[in-house]
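To start, the structure itself, in structure tokens.
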Amino acid sequence: MLKQSPTKKEIDHLLTRGVSLVEKEADLRRLLVEGNKGEPLRVKLGVDPTHYDLTIGHAVLFRKLRQFQRMGHKTVVVIGDWTARLGDPSGRMEARKVLTAEQVKSNAATYLDQFFRIVDKDQTEVRYQTEWFDTFNLGDAIKLLGFKTVAQMLERDDFSKRYKSGIEISLSEFMYPLLQGYDSVALRSDVEIGGTDQTFNLLVGRDLQPIFGQTAQQILTMNLIVGLDGVKKMGKSLDNYIAMGAPAKDMFGKLMSLPDQTMRSYFEALTEIDTEELDEFDRKMTEGSLNPRDVKLRMAREIVTEFHNLAAAEEGQEAFIRQFSERKLPTDIPDFQLGSAKNVVDLIVEAGLAASNNKARELIKQGGVALFPEGASGNSERITDPNYTVDVIDGAILKVGKRNYLRIKA
RNA sequence: GGGCAGUUACCAAAGUGGACAAAUGGGACUGACUGUAAAUCAGUUGCGAAAGCUUCGAAGGUUCGAAUCCUCCACUGCCCA
């Protein structure tokens with residue numbers, strides 16, 4: 001059901017919060033109110049079923065879909081099972097290897113499982129590319145290629161960059177945006193959302209639909225949040241991500257380690273705090289009456305609440321303050337069974353806290369290893385000798401590096 | 001089809017017969033500082049306790065000795081057809 005006349009504020013929120021680009025904003029505003037001839041809008045999101053561990057970066061899009069749903073619009077999620085079977089033609093990208101039908105199926109299931117933690121299932125239509133591409137033939141494919149020119153393809157940022165700097169571009173890569181664009185035709189989508197990196201692909205859908213006698217979809221691209229380094233896009237390949245399913249404490253800690261200047265975009269992308277209040281935070285931090293740390297604590301709390309719940313967020317905050325502000329040991333230290341006295345280096349490697357003996361020795365030499373013989377309540381002694389033998393002291397705690405601990409069990 | 005250039009550690013990029021486990025930068029890690037950060041400073045960053053061993057696209061070869069020279073193969077880019 002289409003929600004009766006959303007307010008201007010709601011629409012503004014939908015179209016600006018975390019949003020990079022809205023194509024034909026006036027048209028979209030009208031559609032949001034009227035629907036497509038009174039029907040809920042079909043809001044499309046394309047999914048590459050190669051990922052299974054979703055990050056909170058993906059959630060940014062999911063949350064936007066939910067905002068659409070709250071106005072009564074429909075989510076159409078397309079599982080790119082057909083293109084996933086193609087893999088990456090250049091074989092460069094690890095993430096794009098050829099997948100079997102089985103893998104695709106299980107990846108998609110995992111994806112949707114996480115997806116529906118945010119997006120309402122009842123207002124969602126799940127579709128698979130193979131539904132229409134399995135019957136596609138060579139003629140159809142070439143016809144599709146004919147709708148675009150090489151110059152047009154090179155408008156895409158990453159194509160043009162690669163072309164200019166002499167990095168290979170496989171011809172089949174030109175096919176991907178077209179296939180993705182055709183998905184919009186097959187699904188009669190009214191709106192498509194994606195990250196800013198998808199702008200070109202979304203526009204292709206917009207170009208193709210009129211050719212097939214449909215109204216061109218509106219497109220809305222979202223700013224991608226940066227990863228833990230504060231600079232690069234959050235992603236698995238860069239290992240700078242926070243998993244959607246990360247435990248609350250973990251998520252809290254990672255959020256707190258974000259550089260200050262990323263806070264605003266995280267607030268906008270992942271919380272519902274009013275823009276006015278965010279402006280207020282910025283103003284007070286600039287004039288120095290508000291400690292950025294406290295703002296960040298608020299941010300972490302809000303976001304963890306989104307993915308878990310308030311209680312978990314508060315617990316996360318307590319654990320964080322305890323471990324990092326007060327520099328006490330964390331409460332949840334994993335146990336390590338120690339049968340008999342053992343050399344520290346061996347112990348660290350066995351526990352998986354260093355990749356090799358050399359690395360473990362390195363940590364020791366650099367003063368990164370400490371032992372708390374009496375457990376959390378006692379004092380610590382720094383271990384500086386790689387030949388040190390760790391005795392079997394039940395309850396003793398070993399600290400390795402900044403944040404790895406283990407509790408010795410007899 | 002022809003010509004030219006290239007392939008070095010996590011990434012980028014020096015090295016062009018010995019002093020090369022390989023400069024430098026980025027990243028990562030550790031310590032100091034701090035607000036948890038950032039910035040800054042110091043250190044580490046193939047494996048091995050060490051002797052030593054394995055690494056410079058792959059395989060062979062020349063040489064006392066090769067990332068460096070030769071042969072061949074693979075891959076990539078550019079130019080000409």
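Residue numbers begin at 1 in each chain, while the letters A, B, ... track the order of the sequences. For clarity, every value in this text was computed on a predicted model and none was experimentally measured.
Ion pairing of A:Glu362 with A:Lys365 is absent here, as no side-chain N (NZ or NE/NH1/NH2) approaches a carboxylate O to less than 4.0 Å. A salt bridge is absent between A:Asp279 and A:Arg283: the closest approach of a Lys/Arg side-chain nitrogen to an acidic carboxylate oxygen does not fall below 4.0 angstrom. Salt bridge absent: A:Arg206 and A:Glu192 never bring a charged side-chain N and a carboxylate O closer than 4.0 Å. Salt-bridge check for A:Arg66 with A:Glu306: passed, with a basic side-chain N closer than 4.0 Å to an acidic carboxylate O. Taking 4.0 Å as the cut-off between side-chain N and carboxylate O, A:Arg70 and A:Glu10 do not count as a salt-bridged pair. A salt bridge does not link A:Arg156 with A:Asp197: none of the charged nitrogens is closer than 4.0 Å to a carboxylate oxygen.
B:C75 is paired with B:G6 under the criterion used here, namely a Watson-Crick or G-U wobble arrangement in which both key atom distances are under 3.5 Å. When Watson-Crick and G-U wobble pairs are counted only if both distances are under 3.5 Å, B:G1 pairs with B:C80. The nucleotide B:A42 finds its pairing partner in B:U30, both defining distances of the Watson-Crick or G-U wobble pair being shorter than 3.5 Å. Of the nucleotides present, none pairs with B:A21 by Watson-Crick or G-U wobble criteria with both distances under 3.5 Å. The partner of B:U54 cannot be assigned: no Watson-Crick or G-U wobble pair with both contacts below 3.5 Å exists in any strand.
Residues passing the side chain to side chain donor-acceptor pair (under 3.5 Å) test with A:Arg188, sequence neighbours excluded: none.
Straight-line distance between the P atoms of B:G52 and B:U63: roughly 26 Å, to the nearest whole Å. Using P as the reference atom, B:C72 and B:C64 are 24 Å apart when rounded to the nearest Å. Going from the C1' atom of B:A38 to that of B:A32 covers 16 Å, rounded to whole Å. Separation of the P atoms belonging to B:U24 and B:G43 is 12 Å when rounded to the nearest angstrom. Taking the C1' atom of each, B:G57 and B:G65 are spaced 23 Å apart, rounded to whole Å. Distance check on atom P: B:U45 versus B:C10 gives 14 Å, rounded to whole Å. Distance noted for atom P between B:G26 and B:C78: 31 Å (whole Å). Here the separation of B:A58 from B:U68, taken at their P atoms, is 10 Å to the nearest Å.
Distance A:Leu398 CG to B:U30 P: 14 Å, rounded to the nearest Å. When rounded to the nearest whole Å, the span between CG of A:Asn404 and P of B:G31 equals 11 Å. Residue A:Ile364 contributes atom CD1, which lies 14 Å from atom C1' of B:C29 at whole-angstrom precision. When rounded to the nearest whole Å, the span between CZ of A:Arg361 and P of B:U30 equals 19 Å. Rounded to an integer number of Å, the gap from A:Glu173 CD to B:U76 P is 13 Å.
Of the side-chain N and O atoms in A:Arg382, one or more sit less than 4.0 angstrom from OP1 or OP2 of B:A32.
Other residues, nucleotides and ligands contribute over 12 non-hydrogen atoms within 6.0 Å of the CG atom of A:Asp335.
Looking at heavy-atom distances under 4.0 Å, A:Pro292 makes contact with a base. Among the heavy atoms of the strands lying under 4.0 Å from A:Asn357 are primed sugar atoms or P, OP1, OP2 only; no base atom is included.
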Going 5' to 3' along nucleotides 37-46 of chain B, which nucleotides have protein heavy atoms under 4.0 Å from the base (write B), which only from the sugar-phosphate (write S), and which from neither (write -)? B-----BBS-
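Mapping A:Ala355 and A:Gly367 onto RNA chain B by nearest heavy atom places A:Gly367 at the nucleotide closer to the 5' end. Of the two residues near RNA chain B, A:Met263 and A:Val400, the one whose nearest nucleotide lies more 5' is A:Val400.
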